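Because the structure is a prediction, the values reported are computed rather than measured. Naming convention: chains lettered A, B, ... in sequence-line order (proteins, then strands); numbering from 1 in each chain.
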Number of protein chains: 4
Amino acid sequence: MAHNNDRTSARRAQILTAAAAVFARHGYHGARMDDIVKESGLSKGALYWYFKGKEELATALVHHMLTAETQTLDRLLAQDAPAAERLEQLVRGFARELDDNPHRAPLAQELLALAQTIPDIRSCYSAHHDRYHEQLRTLLLQMNSTQSPAGGAPDHRIDDAALALLCVVDGMVLRWTLSTPTSRFDLEDRLWAAVSGIVRGMDAPA
Amino acid sequence: MAHNNDRTSARRAQILTAAAAVFARHGYHGARMDDIVKESGLSKGALYWYFKGKEELATALVHHMLTAETQTLDRLLAQDAPAAERLEQLVRGFARELDDNPHRAPLAQELLALAQTIPDIRSCYSAHHDRYHEQLRTLLLQMNSTQSPAGGAPDHRIDDAALALLCVVDGMVLRWTLSTPTSRFDLEDRLWAAVSGIVRGMDAPA
Amino acid sequence: MAHNNDRTSARRAQILTAAAAVFARHGYHGARMDDIVKESGLSKGALYWYFKGKEELATALVHHMLTAETQTLDRLLAQDAPAAERLEQLVRGFARELDDNPHRAPLAQELLALAQTIPDIRSCYSAHHDRYHEQLRTLLLQMNSTQSPAGGAPDHRIDDAALALLCVVDGMVLRWTLSTPTSRFDLEDRLWAAVSGIVRGMDAPA
Amino acid sequence: MAHNNDRTSARRAQILTAAAAVFARHGYHGARMDDIVKESGLSKGALYWYFKGKEELATALVHHMLTAETQTLDRLLAQDAPAAERLEQLVRGFARELDDNPHRAPLAQELLALAQTIPDIRSCYSAHHDRYHEQLRTLLLQMNSTQSPAGGAPDHRIDDAALALLCVVDGMVLRWTLSTPTSRFDLEDRLWAAVSGIVRGMDAPA
DNA sequence: AATGAATGAGCATTCATTCAT
DNA sequence: GATGAATGAATGCTCATTCAT
């Protein structure tokens, strides 16, 4: 019977959504379980019926977000548009989503910070980084072979570029999140500019 | 009386060192004031005599670290070695220092995370980002004009590259900090590879 | 319909057995209803269908154990063996049963402790004490008249001896239960030695 | 400086007294730390400054009570009154004290029950039992040699009697504590009667 | 009869901060 | 300046019990 599972995952989602909201508002440490309970509309007992505790809440949230990200990239890799186009789509889509959901970025930073302290979360991120790196390398390889049938950039260049891409994204989101109203920049433009630069550098002569 | 001030700054330094150690070990939230007291070898009353509270401890620590970073870069800008060389020196020096001080990176991440929550710390980072961006832009301009007297890359390219450089550094340190013994990479090599890529991309044709 | 009652008492017995096991393992306060549910193999709803709550579980258990004890003594009193022999049988049988069932003694102590707190249980024990005292006095009277047709010990001596017997049993079980592997003594031997001493003292001249 | 220690032990005593009162009233499990705090007149922080937690409170209390008991017996053994007289003094004094302090007995039972659950407390009681048994054996030996210079009862009889004495005391206090107003008996008389019986039985012929 | 999801009052403990000495 | 005992609000979590199904 899927009934039971449906109910269960509905409840878990309900709670996770509430937790995400409260974590985004007050940070993980500033969030009280009571706040999440209130936000979820359930009772404290229900929350603890579905999740073992505060840490599991955070871990589940991380898992959820990273899984979604991986799937997005998977979908992109499976498309048959030119690789360069797909990369741009990825980057701009990513930036736009953050831009449109003001809570996403602070929440993500908050959860990321927990990786320092909570081993399960650390593992999630580690695994995700590796997986994402691999996916990106694949995309860059496709770009490279398409662009210049002759071969283009050597493999190590591609590898480095993939890593740089990953890092520049993380770093820029962080900077953007921390920017003040005064110093705030346009995430999409600047991120794409940075990515373009790295891609150009991939093929350029030393 | 300078005596007084000496004593005072010695005590403050002593406490900050202790706080840095404990924050690195347990994270900001996991650190108890008692731990810091014990680590510092002073008494609880003394700690509160020199610092208003836990937040001020963190803020002072951030201030200290960011100031040091700015000064390093300032010193570099004032040298008369070729700009490209100075950039490499900066990046490699930065990487090596992290590599040699295992606590530095986790501590930095922890403090960075506080920027989300503690306004004073957020301001510190915002200001530092802007300043650092400016300094880096200056360095890249020097490289550009040196390399190709004709002019080389247009200004907006340089600006983008400076930002990308900043972000790629932050992002890579983060990734490196989170990497497992298995997936750990060589920070200096990879960071320099990324930086090189971005610099190459700065001048490369679209 | 006896069907109904059979099912009912079967279920109740099933639950009580589970409760006894869990109380013996974790103590009354350390036992969670969930543990008892799991141990019983039934559902939480079922448990609460047959018992009003945790206290009733304990009360029923006490009732059950004390009733069994009374019946044992009743059976013994009805036998036609010499009184002295029956007393020895009683004491040794009692000791052996505890020796053979490692959980019995801690469970009994735990339930006894509840008498301080739970009025219903206190009443059970009070009543049982009186009843048991009476039964034991009867047995001692039989011994006395058998042994020395002339009359032997005066009544008040018999009464005191009966009480002493009761107390020495309780006290020794307690001590035995609390004894460490190192200091553990042979319950049957020592208990019988104590009982013999008291019986001897009953007839002995001041 | 004894100042510090004085203050410390005063506070600890203050807290322990409060804990004893509350434990006697509500039992260990029924007692809330807040109650003890209120009763002590201190603050919650102070309580936790002097005691690690609820368990340590109980353990310290047990320690305190058992130490006092041992000392009483030690004092008795050191006196030069006839042994028989000292035994009577011990038993009657013990009974009277319980009779005069209505809280003592329930508190003692409550703490004793914790021995089943809390290892530290169990150890306290185990050690105390052994020590007390030894002290009592010594006293009985003195009685025996005094009474009949020829030698009197054999050693194993004395050992058994000592154990029986210990047990009968524990058991009778328990029964007395559990007795209802209706069935309540005079502790001093009955206890002394039981003890006398055991002592008589010690020397009596089989 | 039976299930198990849901409830929520209750509670021990922590820890940043203060202040009398 | 320095000490460390004292404060008490804050909080994550438990678990006996209920009740819709």
By nearest nucleotide on DNA chain F, pick out whichever of A/Gly45 and A/Tyr28 is the more 5' one.
A/Tyr28
Among C/Leu61, C/Thr59, C/Leu66, find the residue that satisfies the side-chain contact (heavy atoms from CB on, under 4.5 Å) test when tested with C/Ile121.
C/Thr59
Would you call A/Thr8 and A/Arg11 a side-chain contact if the rule is heavy atoms closer than 4.5 Å?
no
Complementary nucleotide of F/dT21, counting Watson-Crick and G-U pairs under 3.5 Å
E/dA2
Given E/dA6, is OP1 or OP2 found less than 4.0 Å from the side-chain N or O atoms of A/Tyr48?
no
Which nucleotide, E/dC15, F/dT7, F/dG12, lies nearest any side-chain atom of A/Arg32?
F/dG12
Using a cut-off of 4.0 Å on non-hydrogen atoms, how would the nucleic acid contact of A/Phe51 be classed: base, sugar-phosphate, or nothing?
nothing
Taking CD1 from B/Ile118 and P from E/dA16, how many angstroms apart are they, rounded to a whole number?
13 Å
It should be established whether C/Arg11 places a side-chain nitrogen or oxygen under 4.0 Å from OP1 or OP2 of nucleotide E/dA1.
no
Report the distance from atom CH2 of B/Trp49 to atom C1' of E/dT21, rounded to the nearest whole Å.
14 Å
D/Lys38 NZ - E/dA12 P separation (whole Å)
12 Å
So which of D/Ile118, D/Leu57, D/Leu111 actually passes side-chain contact (heavy atoms from CB on, under 4.5 Å) with D/Tyr28?
D/Ile118
Closest to the D/Met33 side chain: E/dA12, E/dA6, F/dA16?
E/dA12
Any donor-acceptor pair, under 3.5 Å, between the side chain of A/Lys44 and the base of E/dT7, if you only look at N and O atoms?
no
Return the value, rounded to whole Å, for the distance between atom CD1 of C/Ile36 and atom P of F/dA16.
8 Å
Closest approach of A/Ala18 to A/Ile36 (non-hydrogen atoms, all atoms of both residues)
CB-O, 3.8 Å
Does C/Arg7 put a side-chain nitrogen or oxygen below 4.0 Å from OP1 or OP2 of E/dA2?
yes
Rounded to whole Å, how long is the line connecting atom CD1 of D/Ile15 with atom P of F/dT7?
10 Å
Output the rounded distance in Å from CD (B/Gln14) to C1' (F/dA2).
13 Å
Starting at the 5' end of DNA chain E and moving along, which residue's nearest nucleotide shows up first, C/Ala46 or B/Gly53?
C/Ala46
Taken to the nearest whole Å, CG/B/Leu47 to P/F/dG4 is 13 Å
Evaluate the criterion side-chain contact (heavy atoms from CB on, under 4.5 Å) for residue pair D/Arg122 and D/Thr117; output intermediate values, then yes/no.
CA-CA 8 Å; D/Arg122 189 192 194 90; D/Thr117 314; over 6 Å; no
Look only at the side chain of D/Glu110 and the backbone of D/Ala24, and say whether a donor-acceptor pair between them is shorter than 3.5 Å.
no
Mate of E/dT7 where both pairing distances stay under 3.5 Å, Watson-Crick or G-U:
F/dA16
Between D/Lys54 and B/Lys54, which residue's closest nucleotide on DNA chain E lies nearer the 5′ terminus?
D/Lys54
Whichever of C/Lys52 and A/Glu55 has its nearest DNA chain F nucleotide further upstream toward 5':
A/Glu55
Could you give the CD-to-C1' distance, from D/Glu56 to E/dT13, as a whole number of Å?
14 Å
